[in-house]
Amino acid sequence: MEPRILELRREIDRINRELLKLLSERARIASEIGRIQTERGLSHYDPAREEEMLAYLTAENPGPFPDGTVKKLFKEIFKATLALEEQEDKQKFLFSRETRPEDTRVRVREAVFGAGPLLIAGPCAIESEEQMQATAEFLAARGVKVLRGGAYKPRTSPYAFQGLGEEGLKLGRAAADRHGMAFVTEVMDTRDVGVVSDYADILQVGARNMQNFALLREVGASGKPVLLKRGLSATVEEWFYAAEYVLSQGNDQVILVERGIRTYEKWTRNTLDLSGAVLAKQLTHLPVVVDVTHAAGRIDLLAPLARAALAAGVDAVHVEVHPNPKVAMSDNNQQMDFAQFDAFLEAVRDLLEPAAAKRG
Ligand code: PEP
Ligand code: MN
């Protein structure tokens with residue numbers, strides 16, 4: 001290589017490094033401006049300021065680059081700086097997989113959400129000791145580890161059965177204990193978080209309360225695992241933000257439940273949004289459950305929907321089971337009786353126990 005060229009190239013290398021240092025210094029200062037703008041709620045993009053800089057740069061341009069080239073080069077610098085400011089602006093959410101790449105597991109007694117498919121089952125409402133004992137005995141014998149049942153019921157009509165309250169909590173706890181199960185039940189009011197926490201292993205926040213922010217904070221502060229149902233008309237983003245309220249209280253034990261959303265369809269109670277459940281698996285690190293009972297509202301769809309959900313990789317399926325649904329005090333048409341549950345289990349068994357199915 002011609003020695004003169006080598007020497008000049010070394011000079012170019014030196015200037016490149018100087019330019020890089022200056023660009024980095026410029027970026028750091030611009031970021032500082034960006035932080036202040038964010039604090040004040042101001043936009044990062046200021047076209048008048050860019051015009052002003054381009055005006056003096058072209059006026060003072062010593063050549064040999066024509067003004068157009070100087071403008072083009074600096075516009076690239078402005079663009080890169082703006083992208084940097086916006087990147088820093090992007091909030092890191094606790095629910096996001098970007099914040100926590102590995103799956104969160106929620107351990108409740110014998111059940112581990114996020115470590116192989118589970119079933120949550122039990123009646124819609126807790127009605128009596130016999131009802132809870134019979135259901136728990138039946139389900140435990142079939143390997144179900146999580147018993148559900150509502151003691152505080154969110155009813156569309158204020159005149160409908162509202163649940164047994166603390167008496168119901170006692171019955172649910174006793175039935176779960178007797179059969180070695182975990183107990184999940186809904187809490188609707190911040191004032192009841194204490195009493196429900198005394199009896200339940202998992203606090204359920206129902207669809208109608210998904211954006212009850214005071215309740216979300218309170219269940220978050222309880223430190224108990226929280227089963228968070230998606231609201232009737234909530235977008236996936238709103239559902240994740242609701243989870244963020246719980247997580248931001250320092251409680252990372254959140255289980256997301258897709259339970260169908262309200263659409264124009266009348267032949268199902270709600271429309272199961274499987275895409276929402278899969279997005280929850282992909283974008284968050286939290287365990288995801290699909291509640292096929294409240295999504296479909298009809299027994300004939302439960303097994304096919306549960307199969308679809310399990311095949312899509314959700315962590316658990318939620319169903320309602322009652323010893324005698326015809327006389328149930330809520331959701332009569334959608335709860336399975338014991339024989340229907342056995343048929344349901346048979347229909348999904350290969351997906352619930354993939355290892356056993358493979359062994360044949
Ligand atoms: C329930 O689980 O009994 C219930 C009321 O569900 P959702 O909040 O999904 O309607
Ligand atoms: Mn119900």
Side-chain angles (χ1 to χ4, degrees), residues 119-127 131-132 135 139 144 146-158 160-165 168-169 171-172 182-189 192 196 200-212 215-216 219 225-234 236 238-239 242-243 246 254-263 268-273 276-277 280 288-299 301-302 305-306 309 314 316-337 340-341:
L119 279 181
I120 303 173
C124 181
I126 298 172
E127 298 165 5
Q131 172 225 26
M132 286 313 285
T135 310
L139 292 171
V144 177
V146 188
L147 178 68
R148 65 144 285 139
Y152 299 89
K153 295 302 302 172
R155 303 307 300 281
T156 304
S157 162
F161 175 62
Q162 304 286 308
L164 296 181
L169 295 175
L171 299 177
F183 173 45
V184 55
T185 193
E186 176 163 357
V187 56
M188 288 169 42
D189 191 316
D192 296 329
V196 177
D201 298 303
I202 307 173
L203 306 180
Q204 173 172 326
V205 173
R208 289 154 195 82
N209 268 315
M210 190 205 81
Q211 284 189 319
N212 180 338
L215 183 62
L216 294 172
V219 295
V226 175
L227 195 85
L228 177 62
K229 291 209 167 187
R230 179 173 173 189
L232 277 69
S233 307
V236 168
E238 287 163 345
W239 183 29
V246 180
V254 179
I255 302 161
L256 293 170
V257 186
E258 157 57 33
R259 45 79 74 206
I261 50 174
R262 186 168 279 186
T263 68
T268 50
R269 177 170 171 176
N270 291 292
T271 297
L272 174 62
D273 180 17
V288 176
V289 178
V290 165
D291 171 353
V292 288
T293 297
H294 291 95
R298 44 187 293 172
I299 308 261
L301 292 184
L302 300 181
L305 294 185
V314 306
V317 166
H318 172 288
V319 288
E320 284 185 347
V321 180
H322 190 288
N324 191 356
K326 283 195 191 69
V327 299
M329 300 182 81
S330 56
D331 285 352
N332 310 61
N333 294 329
Q334 67 187 34
Q335 303 196 64
M336 290 186 274
D337 63 22
Q340 286 167 327
F341 180 80

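If you're wondering where the values come from, they're calculated on a predicted model, not measured in any experiment. Both counts, for ligands and for their atoms, begin at 1 and track the order of listing.
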Using only atom types and a distance under 3.5 Å, with no angle test, would you say the side chain of [X] pairs donor to acceptor with the backbone of [Y]?
X	Y	result
Gln335	Ser330	yes
Lys153	Ala160	no
Arg230	Glu258	no
Asn209	Asn212	no
Asp337	Pro325	no
Gln131	Ala125	yes

Which protein N, O or S atoms does the Mn ion (ligand 2) have within a distance shorter than 2.8 Å? Cys124 SG, His294 NE2, Glu320 OE2, Asp331 OD2
Write 'none' if nothing qualifies; otherwise put on separate lines each N/O atom of ligand 1 with a protein N/O atom under 3.5 Å away and their distance to 0.1 Å.
residue  : atom   : partner : partner atom : Å
ligand 1 : 2 (O)  : Arg148  : NH1          : 2.6
ligand 1 : 2 (O)  : Gln204  : NE2          : 2.9
ligand 1 : 2 (O)  : Lys229  : NZ           : 2.9
ligand 1 : 3 (O)  : Arg148  : NH1          : 3.4
ligand 1 : 3 (O)  : Arg148  : NH2          : 2.9
ligand 1 : 3 (O)  : Lys153  : NZ           : 2.9
ligand 1 : 6 (O)  : Lys229  : NZ           : 3.0
ligand 1 : 8 (O)  : Ala207  : N            : 2.8
ligand 1 : 9 (O)  : Lys229  : NZ           : 3.0
ligand 1 : 9 (O)  : Arg259  : NE           : 2.6
ligand 1 : 9 (O)  : Arg259  : NH2          : 3.4
ligand 1 : 10 (O) : Arg208  : NH1          : 2.8
ligand 1 : 10 (O) : Arg259  : NH2          : 2.7

Determine, step by step, whether Glu320 and Arg148 satisfy the salt bridge (Lys or Arg N to Asp or Glu O under 4.0 Å) criterion, reporting the C-alpha distance in whole Å, the side-chain angles of both residues, the deciding distance to 0.1 Å, and the verdict. CA-CA 8 Å; Glu320 284 185 347; Arg148 65 144 285 139; 3.5 Å; yes
Of Thr185, Val321, Leu139, the residue whose pairing with Leu147 passes side-chain contact (heavy atoms from CB on, under 4.5 Å): Leu139
Is there a side-chain hydrogen bond (donor to acceptor under 3.5 Å, both in side chains) between Asp331 and His322? Walk through the geometry before answering. CA-CA 10 Å; Asp331 285 352; His322 190 288; over 6 Å; no
